[in-house]
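Take a look at the structure set out below.
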Amino acid sequence: MAPKIIALGSGKGGVGKTTVALNLGFAIASFNKKVLVVDTDVSLPNLDLYTGLEKPLLTLLEVLNGTADIQSATYTIQMGLHILPCGSSLQALQEVNIDKLGDVISKLKKSEFDIIILDVPAGLSRFSILPMTYSDEVLLIVNPDPASISDAQKVKAVAALAGIDVTGIIVNKYTKSVYGDLGVKLGLPVLGVIPTDDAIIKARDTKTPLIVLKPKSSSAKAILQIARKLCGIPEKKSFFERLLR
Ligand SMILES: Nc1ncnc2c1ncn2[C@@H]1O[C@H](COP(=O)(O)OP(=O)(O)OP(=O)(O)O)[C@@H](O)[C@H]1O
Ligand SMILES: [Mg+2]
């Protein structure tokens with residue numbers, strides 16, 4: 001079966017796309033699925049930094065520029081998770097041909113991965129909308145703050161103009177909020193709500209999968225729940241919940 005391609009985009013930057021892409025990747029890999037996370041943020045990539053794969057020589061930039069193939073730019077990290085990072089070479093960035101992304105994703109569509117997660121650049125430029133056009137599911141990461149909500153609304157509208165249906169949102173950095181139900185506000189299903197959590201910062205700084213470092217944290221539980229939904233795996237019920245049923 002062809003891999004399912006999931007794009008994680010956002011209006012505002014810094015909402016947690018790279019964090020969620022990586023930790024969702026680990027969570028899905030823990031279900032024995034073959035997962036690839038691709039950093040499609042060619043101008044300001046971060047995935048390499050978050051994984052400890054600092055300054056990888058061959059990356060998506062070289063693949064887009066035709067000087068490397070996908071396999072040689074794909075790295076395997078903890079939990080067997082596969083990463084296709086994007087490099088920071090200014091020269092490669094100057095020469096990048098983003099239109100080649102379609103070819104790269106077509107090739108990935110024929111690969112043996114079960115799930116491919118695209119970490120998409122923030123905003124509504126062509127660089128952000130293009131990866132969404134090749135995805136089976138387009139999810140927006142939204143924080144409960146007015147700018148993030150308003151920018152997500154704009155991305156949803158611009159994506160619709162490009163014929164892309166945003167399929168849902170993931171609320172990240174949730175703290176008690178005065179903004180009500182963001183799903184209702186944006187007219188989109190909410191796949192999950194991830195709280196603001198120090199465990200996420202610790203996982204980032206130690207470059208450890210959140211579900212390994214703090215498996216019982218509320219953020220790890222939320223990410224595992226989203227991962228189950230994306231893979232169609234029924235939710236785990238506790239002994240008492242099963243008893244009550
Ligand atoms: N739920 C959370 N709780 C606490 N900190 C978080 C949470 N989610 C993300 N962060 C932190 O917020 C910062 C921004 O996250 P991240 O880099 O994943 O955002 P992004 O949307 O990918 O940003 P960009 O638009 O620049 O690519 C990081 O320092 C990350 O560790
Ligand atoms: Mg990012």
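Just so it is clear, the structure is predicted and the values come from calculations on it, not from any experiment. Atoms within each ligand, like the ligands themselves, are counted from 1 in listed order. Both backbone and side-chain heavy atoms feed into the values below; hydrogens, waters and symmetry mates do not.
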Self-check item: Where ligand 1 meets Tyr50 - atom numbers and elements under 4.0 angstrom, heavy-atom basis
Solution: 15 (O), 16 (P), 17 (O), 18 (O), 28 (C)
Self-check item: For atom 25 (O) of ligand 1, the protein heavy atom that lies nearest, with its residue and separation
Solution: Lys17 NZ, 2.7 Å
Practice problem: Please work out which of Asp197, Thr175, Leu47 has its closest non-hydrogen atom nearest to atom 3 (N) of ligand 1. | Solution: Asp197
Exercise. Could you find the nearest protein heavy atom to atom 7 (C) of ligand 1 and give me its residue, atom name and distance?
Key: Ile200 CG2, 3.7 Å
Quiz item: For ligand 1, which part of Val15 has a heavy atom less than 4.0 Å away: the side chain, the backbone, both, or neither?
Solution: both
Quiz item: Between His82 and Tyr75, does the ring centre distance come in under 6.0 Å?
Solution: no
Self-check item: Enumerated ligand 1 atoms positioned under 4.0 Å from heavy atoms of Gly13
Solution: 25 (O)
Exercise. Please state whether Pro195 comes within less than 4.0 angstrom of ligand 1, counting heavy atoms only.
Key: yes
Exercise. Pick one of side chain, backbone, both or neither for how Arg204 approaches ligand 1, counting any non-hydrogen atom pair under 4.0 Å.
Key: side chain
Quiz item: Among Ala122, Gly14, Ala222, Gly9, which one has a heavy atom closest to atom 14 (C) of ligand 1?
Solution: Gly14
Self-check item: Part of Ile201 within contact of ligand 1 (heavy atoms, under 4.0 Å)
Solution: side chain
Quiz item: Ignoring waters, how many protein N/O/S atoms are under 2.8 Å from the Mg ion (ligand 2)?
Solution: 1
Quiz item: Among Gly16, Pro45, Ser218, which residue places a heavy atom closest to atom 19 (O) of ligand 1?
Solution: Gly16
Quiz item: Counting only heavy atoms, which portion of Leu44 has something under 4.0 Å from ligand 1: side chain, backbone, both, or neither?
Solution: neither
Quiz item: Which bit of Tyr174 gets closer than 4.0 Å to ligand 1, counting heavy atoms only: side chain, backbone, both or neither?
Solution: neither
